[in-house]
Amino acid sequence: MSSALLPKPQMRRLLARRMKFHLFGAFLLSVGCAALYKFGVADPRKRAYAEFYKNYDPMKDFEAMRAAGVLESAPPK
């Protein structure tokens with residue numbers, strides 16, 4: 001009597017049905033992670049580099065390193 005009350009288990013296309021669900025979930029998770037990385041890491045890093053190089057004077061930095069004796073090919077004056 002109890003066997004008539006239990007539903008039959010899904011045996012056909014079980015892997016395909018579960019794989020469709022997991023592939024969709026993995027796709028959404030990867031898109032979400034990519035968006036978080038882009039807006040949380042890459043864009044702030046680009047802004048920081050742009051801000052740094054806006055006022056950067058390479059000759060002033062070169063002269064400071066030269067005066068400190070960091071460069072072997074350009075001895076301090």
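Just so it is clear, the values below take in all heavy atoms, side chains as well, and ignore hydrogens, waters and symmetry mates.
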Do any side-chain atoms of residues 50-60 form donor-acceptor pairs under 3.5 angstrom with protein atoms, and if so which ones, sequence neighbours left out?
unit_1 : atom_1 : unit_2 : atom_2 : d
Glu51  : OE1    : Lys54  : NZ     : 3.4
Tyr56  : OH     : Asp61  : OD2    : 2.9

Q: Just jot down the side chain to side chain contact (heavy atoms under 4.5 Å, CB included) partners of Ala74, sequence neighbours excluded, or say none.
A: Phe62, Arg66, Leu71
Q: Please report the closest heavy-atom contact between Pro44 and Gly40, naming both atoms and the distance.
A: CG-O, 3.6 Å
(Q) Could you work out, with side chain to side chain contact (heavy atoms under 4.5 Å, CB included) as the rule, every residue matching Arg17, not counting sequence neighbours? (A) Gln10, Leu14
Q. Nearest heavy-atom pair of Gly69 and Pro76: which atoms, and what distance?
A. CA-CG, 4.4 Å
Q.
Running the 4.5 Å side-chain criterion over Ile, Leu, Val, Met, Phe, Trp and Tyr, what cluster does Leu23 land in, apart from itself?
A. Leu15, Met19
Q.
Tell me every residue that passes salt bridge (Lys or Arg N to Asp or Glu O under 4.0 Å) with Lys8, counting only those two or more places apart in sequence or in another chain.
A. none
Q.
Strictly by side-chain hydrogen bond (donor to acceptor under 3.5 Å, both in side chains), give each pair with a member in residues 22-39 just once, sequence neighbours left out.
A. Lys38-Asp43
